[in-house]
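Below: one structure, written as structure tokens.
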Amino acid sequence: MINAVGRELPEKIGSYVVKPFLGTGLAKDDYGPVVSNRRPTLKPASGTKLVATLEDAIKASGLQDGMTISFHHCFREGDKIIGQVLTAIRNLGIKNLRFAPSAVVNVKNPSVVEFVKDGTISRIEASGIRGELGDAVINGDIELDEPVILRPHGARPRAIESGDLKIDVAFLGASAADEYGNATGQVGPNACGSMGYAFVDALNAAKVVIVTDNLVDYPCCPISISQQYVDFVVKVDEIGDPAKIGAGAARMTKNPRDLMIAQYTANAIAASRRFKDGFSFQTGAGAIPIAITNFLAEKMEEREIKASFALGGIPAAIIDMYEKGLVRVVACSQSFDAVAAKAIAANPGVIEIDNAVYSNIYAKGCMLDRLNFGVLGALEIDTDFNINILTGSSGEMMGGLGGGPDVADGADISVVTLPLVRGRTPSVVPKVFTLCTPGSSVAMVVTEAGIALNPAHKRYEELKEDLAAAGIKTVTIEYLCELARSIVGTPKPIETTDRVVAVVEYRDGTVIDVIRHLKR
Amino acid sequence: MEIRKTAVAGTLESSDIMVTIRPNPGKGLQIELESVVLSMFGDEIRKTVEEVVSSFGIEDAVVELQDKGAIDCVIRARVSAAICRAAETKFDWSAFDPENGREEA
């Protein structure tokens with residue numbers, strides 16, 4: 001069958017039944033009650049939830065072959081929990097698990113690939129499978145019976161609460177916890193800041209294990225994950241590498257191309273009628289977003305306006321704006337560096353939010369629906385403004401879906417920023433290799449070679465008028481695509497087999513695209 | 001023109017290509033290509049290199065390419081520079097001067 005964005009999909013992949021993407025704004029609204037795996041449970045007879053080792057916690061949780069385990073990715077590349085838990089599970093001889101973290105970070109030593117190869121893991125569901133695992137899946141080095149299911153952040157809570165993804169045991173890392181299960185990521189030597197991606201797991205898993213390296217006196221304060229959801233607490237030597245969890249504040253880029261893209265983006269946002277006192281925005285992390293954030297701060301000071309809130313994954317640059325009084329509330333679903341991680345405990349207006357209220361399309365309205373501006377990165381954009389944030393130019397797994405598809409859909413004005421070419425790889429192409437975010441939800445794209453507005457976006461006329469009034473010239477997406485081609489040439493198309501290795505879900509749980517095995 | 005010695009042009013920086021040319025007497029043109037964009041542009045890169053090498057009238061050479069995503073004009077420039085160094089000759093800029101009555105190379 002062919003879905004609303006023209007992608008050809010099989011009806012069924014393994015046991016996965018494909019529901020084709022119908023278009024933005026067409027999500028069904030007749031779900032039954034929330035399905036939770038949470039068990040009403042009496043207090044522990046021993047008076048403590050503390051168990052001696054991970055093996056003890058796994059045994060006590062009742063984990064068995066074929067069950068589903070989950071993790072959050074708030075420790076990012078510095079995570080040392082996933083490796084330790086999977087090793088303990090392997091030592092106990094438990095096999096064929098469904099591995100369902102909020103995202104697979106590139107965990108090395110041991111790598112997740114090893115646990116797939118030895119049969120500990122046989123199914124994977126996450127927002128992205130960047131790194132070694134992704135490459136192994138797409139190259140066919142590991143063969144799974146079921147396709148990998150990739151979901152944007154906003155789709156995971158839906159999958160869990162609809163019963164599509166029932167979690168048996170959630171292993172949730174915390175940088176501080178007490179023996180009765182209260183836990184947080186905001187304090188302690190390995191603080192990660194917001195634990196936004198852990199809440200839905202804590203609320204809905206059959207058993208919840210808190211893994212910490214920093215056991216504190218009861219009650220732990222602040223409390224992010226409450227004791228009422230926690231079954232066991234384990235203390236390990238180390239839950240992460242602080243240097244990789246979040247380094248210091250990223251310095252402003254000196255790359256002239258990135259600065260140019262950032263300046264163009266800030267100019268376009270400032271030209272909008274929605275850039276006024278009380279506006280809201282999400283810019284994200286990375287060189288271009290941080291430069292955009294700094295340029296926006298300058299424009300806000302010039303015009304003497306304040307933002308009502310900044311949302312999403314938060315870097316130090318946003319905390320800096322808060323401290324200058326430029327933003328009233330900073331709602332953190334994730335904290336991208338050490339400055340942002342510590343800012344939640346220190347500032348009343350910097351708050352930790354559940355990923356579900358950040359991005360879940362079925363949350364009775366989520367926070368990103370209230371965004372005026374959402375800035376997104378991308379690997380590729382095509383002439384229909386469709387975005388690829390998963391696969392690179394040679395078809396390799398490069399990124400994760402993250403909240404990009406959600407932000408594009410929710411924000412009044414979504415802005416994709418990217419360089420026209422990266423090395424010899426064109427970023428503006430006739431057709432994206434993997435379609436992750438539908439073009440209908442993308443308002444404009446900003447490159448160093450110009451800004452293109454999407455004529456199919458609902459705010460096209462408004463933006464066209466505002467940009468023209470500010471004297472900002474635009475180009476067409478076809479012009480950008482042809483310019484990129486004239487610089488790098490025409491790449492040979494990526495060849496794939498018919499075998500589907502991954503399903504890309506949209507935020508409403510329909511299938512927007514699939515990823516096929518690469519022909520080598 | 002003849003390749004007399006081993007010579008190098010280019011760097012391993014992103015968007016550049018490092019070209020190493022070695023003599024290969026009587027054994028024809030041998031291209032060894034490593035590229036970050038191999039699946040997309042491997043064939044085109046080979047074609048460009050063959051074209052540049054033959055434009056210098058060279059038949060025997062080993063050309064080793066470590067490509068970091070260089071665009072076509074960069075590849076042509078680096079290969080030309082490596083050839084001139086390996087052949088111990090100067091680049092003939094007049095070939096690019098239409099006033100000189102010759103076609104652009």
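Each chain gets a letter, A, B and so on, in the order the sequences are listed, and its residues count up from 1.
- For the residue pair B:Ala82 and B:Val19, the shortest heavy atom distance occurs at CB-CG1, 3.8 Å.
- Heavy-atom distances place no part of B:Val74 under 4.5 Å from chain A, backbone and side chain included.
- Residue B:Ile17 does not touch chain A at all, counting heavy-atom pairs closer than 4.5 Å.
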Using atom types as modelled and no hydrogens or angles, find all donor-acceptor pairs between chain A and chain B shorter than 3.5 Å.
residue: A:Ser394; atom: OG; partner: B:Ser39; partner atom: OG; Å: 3.2
residue: A:Arg424; atom: N; partner: B:Gly69; partner atom: O; Å: 3.2
residue: A:Lys492; atom: N; partner: B:Met40; partner atom: O; Å: 2.9
residue: A:Lys492; atom: NZ; partner: B:Asp43; partner atom: OD2; Å: 3.4

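- The backbone N or O of A:Leu435 lies less than 3.5 Å from no partner atom in the side chain of A:Asn386, so there is not a single donor-acceptor pair.
- In this structure, A:Asn3 contributes its side chain and A:Leu9 its backbone to no donor-acceptor pair below 3.5 Å.
- Of the N and O atoms on the side chains of A:Thr265 and A:Thr417, not one donor lies less than 3.5 Å from an acceptor on the other residue.
- Not a single donor-acceptor pair under 3.5 Å links the side chain of A:Asn294 to the backbone N or O of A:Ala317.
- With respect to A:Glu8 and A:Arg516, no salt bridge is recorded, no charged nitrogen being found less than 4.0 Å from a carboxylate O.
- In this structure, A:Thr437 has no side chain to side chain donor-acceptor pair (under 3.5 Å) partners at least two apart in sequence or on a different chain.
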